Structure formats: C-alpha cells, structure tokens
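Notes follow once the structure below has been shown.
For reference, positions follow the sequence shown, starting with 1. Computed from a predicted structure; not experimentally measured.
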Amino acid sequence: MAALTQEQIAIIKSTVPIIREHGIAVTTTFYANMLAAHPELKNLFSLRNQQTGAQQAALANSVLAAATNIDRLGAIAGAVDKIAHKHASLSVRPEHYPIVGEHLIGAFAQVLGAAFTPDIKEAWTEQLYAEAGWQGWRRFTIADRADEAQGVTSFYLEPSDGGALPAFLPGQYVSLRIAIPELGGLFQNRQFSLSLAPHQSARQYRVTVKKETHAAAYTVDELAAGKVAGLVSQLLHERYRPGDEVQLSPPHGDFAFRAAETPSTAPVVLLSAGVGVTPLLSILDAILGSASQAARPVVWIHGARHSGAVAFGKHIREAAAKHGNLTAKIFLKTVRDGDAEGREYDYEGRVDLDALEADGLLPLGDASAEYYICGPEEWMVQTRAQLQGKGVSLEKQHLELFRTGSV
C-alpha cells in the first residue's frame with residue numbers, strides 16, 4: 001500500500017471532529033455488521049466487552065487517535081504496540097484486516113451518509129488496510145492446579161503435544177481460550193500473565209487466576225449477550241481440572257522486564273494490589289534467579305484485602321529472607337486476629353507511598369530506578385500520579401492493563 005499523500009493526511013485530520021462526535025455510533029455499527037457477516041469472528045471477541053460497550057469505545061478512541069496523529073504516528077507508537085500484542089495473542093490474522101477495513105469503511109458510510117465523501121473514503125481506505133503476522137493457537141493440558149490464596153488458583157499448563165515451550169520475557173502474558181458449550185462451542189478468550197520466571201518454565205507455564213463472582217445462575221441468553229462478568233476465570237475455577245485441555249497463544253505483551261536495557265545495579269520497584277501480583281512475581285523470580293542480577297536492589301510492595309487474600313505471601317517472605325537485595329513489604333486493608341506484624345503484614349491499610357517514602361523504602365533519589373505497577377486500573381492510575389508527584393518520570397513507570405483499550 002502506497003504511503004498517504006499530504007492531501008490525504010489533511011483529509012484524515014479534517015475528520016477528527018466528525019470522529020469525535022460520531023465515533024461510537026460508527027464502531028457500534030461496524031461490530032454489528034462485521035459479526036453478522038462473519039460470525040466466525042465472534043471467537044476473537046469478548047462477549048462481555050461487546051455488551052458493555054468497552055470494545056466499541058476502545059476502537060473509537062483508537063480511530064480518533066490515529067486521525068489526530070496521522071502526521072506524527074510515533075506519538076501513539078506505544079498504544080499501537082499494545083494493540084499489536086493483543087491482536088497477535090488472539091490469533092488475528094492478515095486476512096482478517098481486509099474484513100475489518102471493509103466493514104469499518106462501510107460503517108462510516110452508513111452513519112455519516114453524504115458527509116462521507118469519496119475523498120474521505122479513499123484516504124481512510126489507504127490508512128486502514130494493513131498486514132500483521134501470527135503464530136497460532138496451541139493445545140495445553142492442565143497438569144495441576146493449586147490454591148494460592150482465597151479465590152486465587154494457579155493452573156500449571158503443559159503442551160499437549162509434548163513439544164517445547166516458546167520463550168517469553170518476565171511480565172508477559174498468554175491469551176487463554178476455552179469453548180463455551182452453552183453457546184455451541186463459541187470460544188471466549190482472556191489474557192493471563194505468566195506467574196513464573198522464564199527459567200522456571202522448562203516444561204510448564206503457570207497462570208494464576210482470581211475467581212470472579214457473579215450471580216449463582218444465569219441464562220443462556222444472558223451468557224450470549226455478554227452479561228456474565230469474568231466468564232473465562234469463573235469457568236476455569238468451576239469446570240477445569242488436571243487432564244483437561246485449554247488453548248493458549250504464544251506469550252506477548254509490552255509489560256516486560258528487560259534486564260539488558262537497564263544497568264544491573266538499577267533498582268526495581270514492584271508495586272501490586274490483589275491478583276496484580278502475578279506478572280510482578282515473574283519479574284521478581286527472574287531477577288532473583290539470575291546471577292548477573294544479584295546486585296540489583298528490588299523493592300516488593302503488595303496490597304491485599306486481608307492476610308488470606310495474599311497470593312504467594314509465603315514465597316515472598318522466604319525469598320526476602322534468602323536474598324539480601326530484596327526488600328518486601330505487605331499492606332493489609334484489614335488486619336485480622338492472629339495476624340502478626342512482620343509476618344502476615346508490615347503496614348495496616350491501603351498501599352501508602354508516603355509511608356514507604358518516610359521509611360526510606362522508595363529509591364526516589366535514583367533516576368535509574370524502574371517501577372512496575374499492576375492491579376486495579378483506578379489504583380494504578382492513582383499510583384502513577386503519586387509517583388510522578390514524587391519526581392518519578394512516566395518513562396520509568398510501567399503499567400499492565402488487560403481491559404480493552406488503554407489507561
């Protein structure tokens with residue numbers, strides 16, 4: 001596909017006000033038309049995100065960002081990279097992009113009518129048709145499952161064909177998909193961080209899953225409409241046992257620790273809340289398991305509702321006792337009878353960066369320090385803003401987000 005002309009770039013930029021006003025209507029029409037014409041593509045999309053409108057909003061925001069920055073696409077390179085990882089993990093193939101282009105252009109025409117002029121159509125057609133690569137799905141057998149905390153279970157997964165495992169970077173995720181019998185075998189997917197270090201995964205991957213809560217019973221119509229939250233997590237807990245099979249993508253994700261890109265003495269701060277512990281555990285164990293990283297200071301900060309909800313708490317305490325470069329602190333929102341300070345917890349309440357700073361536990365004076373943050377979205381955004389207020393640049397902060405769209 002030829003590069004856009006300056007005239008086409010100007011045309012696309014001129015559509016920004018239109019997209020800002022009508023973007024959701026366009027993307028809602030797009031998904032309805034595309035999935036009606038290609039029902040097999042429903043296997044790639046979350047029913048829940050379609051029902052809540054998150055998928056439509058994410059695409060509208062992406063189209064708006066592309067139009068706004070069409071003459072300086074480097075400004076949205078990070079967001080594009082995240083989308084590329086997600087698409088690859090879901091087995092989006094090169095032949096899918098012309099389908100997307102056809103129906104998105106069609107949705108523009110349907111919603112905007114005569115305002116969608118031939119010149120606008122030509123400019124957007126040039127921009128939308130692209131290519132991408134992919135590696136495919138693979139069957140994995142559940143070798144074991146283990147409870148890590150209240151409502152949190154690890155699933156140990158081995159290739160069903162006995163083959164080798166693709167390499168990954170600590171912090172990356174896999175897409176896991178299962179068939180929904182009630183919906184005729186329709187696949188639903190969810191991304192899960194690999195919760196072990198690369199050197200620990202010679203034969204197995206491990207994903208650690210929090211059981212979502214929803215109504216005890218739901219109808220097939222509610223299921224098909226995407227009204228059941230946390231469906232894949234719920235079904236993994238309820239229906240999948242050792243010996244059962246799931247399908248996985250190769251590892252993907254830009255939330256990853258790359259040891260070679262930072263000095264071996266640069267501090268790493270790992271901040272997590274709830275099940276956000278999982279990718280950070282991979283990063284922690286990768287650092288502690290590498291002789292070349294022995295001089296790197298690591299600060300592990302984790303927040304949980306109560307001591308029973310701390311996943312891998314014993315593992316972290318033992319690691320801190322064994323490795324002099326690791327400092328580990330746990331915050332509990334509720335301290336229960338029998339909890340001992342210094343054993344089950346170090347601070348009472350939510351994760352408090354001011355308290356950590358006062359105790360000299362944050363390397364705020366070291367400009368080389370890297371901060372990795374994973375947990376509920378609102379908490380991550382607040383933590384990022386607090387760290388920025390303490391002088392930590394955004395470039396040194398890394399956030400993991402699995403919902404459709406970006407922070």
Margin query: Are Phe192 and Phe155 an aromatic pair, judged by ring center distance below 6.0 Å?
Written below: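 Distance test on ring centres: not under 6.0 Å, no.
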[X] versus [Y]: any side-chain heavy-atom pair under 4.5 Å?
{"X": "His306", "Y": "Glu344", "result": "no"}
{"X": "Ile19", "Y": "Val26", "result": "no"}
{"X": "Val220", "Y": "Leu183", "result": "yes"}
{"X": "His237", "Y": "Val209", "result": "yes"}
{"X": "Leu235", "Y": "Ile180", "result": "yes"}
{"X": "Leu194", "Y": "Val207", "result": "yes"}
{"X": "Pro251", "Y": "Tyr205", "result": "yes"}
{"X": "Ser89", "Y": "Lys86", "result": "yes"}

Under the criterion side-chain contact (heavy atoms from CB on, under 4.5 Å), which of [options] is the partner of [X]?
{"X": "Ser175", "options": "Gln247, Arg190, Gln191", "value": "Gln191"}
{"X": "Leu353", "options": "Leu364, Ile301, Thr383", "value": "Thr383"}
{"X": "Leu157", "options": "Leu248, Val174, Leu165", "value": "Leu248"}

Check: [X] side chain, [Y] main-chain N or O, donor-acceptor pair, under 3.5 Å:
{"X": "Thr27", "Y": "Gly23", "value": "yes"}
{"X": "Asn61", "Y": "Ala58", "value": "no"}
{"X": "Gln55", "Y": "Thr28", "value": "no"}
{"X": "Asn43", "Y": "Phe187", "value": "yes"}
{"X": "Arg145", "Y": "Tyr240", "value": "yes"}
{"X": "Gln56", "Y": "Gln50", "value": "yes"}
{"X": "Gln172", "Y": "Gly253", "value": "yes"}

(Q) Pair Tyr347, Asp359 - check side chain to side chain donor-acceptor pair (under 3.5 Å), show working. (A) CA-CA 11 Å; Tyr347 296 88; Asp359 290 343; 2.5 Å; yes
Checklist line | Arg48 to Gly226 - nearest heavy-atom pair and separation | finding: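 Looking at all heavy atoms of both residues, the shortest contact is CD-O, 2.9 Å.
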Can I get a per-line list of side-chain donor-acceptor pairs under 3.5 Å for residues 9-18, giving both atom names and the distance, sequence neighbours left out?
| from | atom 1 | to | atom 2 | distance (Å) |
| --- | --- | --- | --- | --- |
| Lys13 | NZ | Thr68 | O | 2.9 |
| Ser14 | OG | Ile11 | O | 2.5 |
| Thr15 | OG1 | Ile12 | O | 2.5 |
| Thr15 | OG1 | Trp124 | NE1 | 3.3 |

After noting the C-alpha distance and the side-chain angles of Tyr372 and His398, does the key distance pass the ring-ring contact (aromatic ring centres under 6.0 Å, His included) rule? CA-CA 5 Å; Tyr372 292 83; His398 314 277; 4.5 Å; yes
Over 60° means perpendicular and under 30° means parallel, so classify the ring planes of [Y] and [X], tilted if in between.
{"X": "Phe116", "Y": "Phe108", "result": "parallel"}
{"X": "His252", "Y": "Tyr173", "result": "tilted"}
{"X": "Phe312", "Y": "His315", "result": "perpendicular"}

Does Glu357 have more than 12 heavy atoms from other residues, nucleotides or ligands lying within 6.0 Å of its CD?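 Result for CD/Glu357: enclosed.
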Around atom CZ of Arg203, are there more than 12 heavy atoms from other residues, nucleotides or ligands closer than 6.0 Å?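 Count not over threshold, so no.
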Please tabulate, for side-chain N and O atoms in residues 259-268, each donor-acceptor pair with protein atoms closer than 3.5 Å (sequence neighbours left out).
| from | atom 1 | to | atom 2 | distance (Å) |
| --- | --- | --- | --- | --- |
| Thr262 | OG1 | Arg296 | NH1 | 3.1 |
| Thr262 | OG1 | Arg296 | NH2 | 3.2 |

If you apply the rule side-chain contact (heavy atoms from CB on, under 4.5 Å), what do you find for Lys390 with Asp354, and how did you get there? CA-CA 9 Å; Lys390 294 180 182 298; Asp354 290 336; 2.6 Å; yes
Indicate yes or no: does [X] engage [Y] in a salt bridge with an N to O separation below 4.0 Å.
{"X": "Arg350", "Y": "Glu378", "result": "no"}
{"X": "Asp221", "Y": "Lys227", "result": "no"}
{"X": "Arg317", "Y": "Asp346", "result": "yes"}

Using the salt bridge (Lys or Arg N to Asp or Glu O under 4.0 Å) criterion, which residues pair with Asp161? Sequence neighbours excluded.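 Salt bridge (Lys or Arg N to Asp or Glu O under 4.0 Å) check on Asp161 returns Arg138.
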For residues Glu148 and Thr208, is any side-chain donor paired with an opposing acceptor at under 3.5 Å?
->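 No, because no side-chain N or O of Glu148 sits under 3.5 Å from a partner of the opposite role on Thr208.
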query = Between Ile373 and Leu387, does a side-chain contact (heavy atoms from CB on, under 4.5 Å) hold up when you go through it step by step?
reply = CA-CA 11 Å; Ile373 308 166; Leu387 286 172; 3.8 Å; yes
As a quick check of understanding, evaluate side chain to side chain donor-acceptor pair (under 3.5 Å) for Gln204 and Asp144, giving each step before the final call. CA-CA 10 Å; Gln204 296 179 332; Asp144 196 8; over 6 Å; no
**Q.** side-chain contact (heavy atoms from CB on, under 4.5 Å) between Leu47 and Val228, intermediate numbers included
**A.** CA-CA 9 Å; Leu47 293 171; Val228 181; over 6 Å; no
Open item on the list: If you apply the rule side-chain contact (heavy atoms from CB on, under 4.5 Å), what do you find for Val232 with Leu236, and how did you get there?
Closed with: CA-CA 6 Å; Val232 174; Leu236 283 173; 4.2 Å; yes
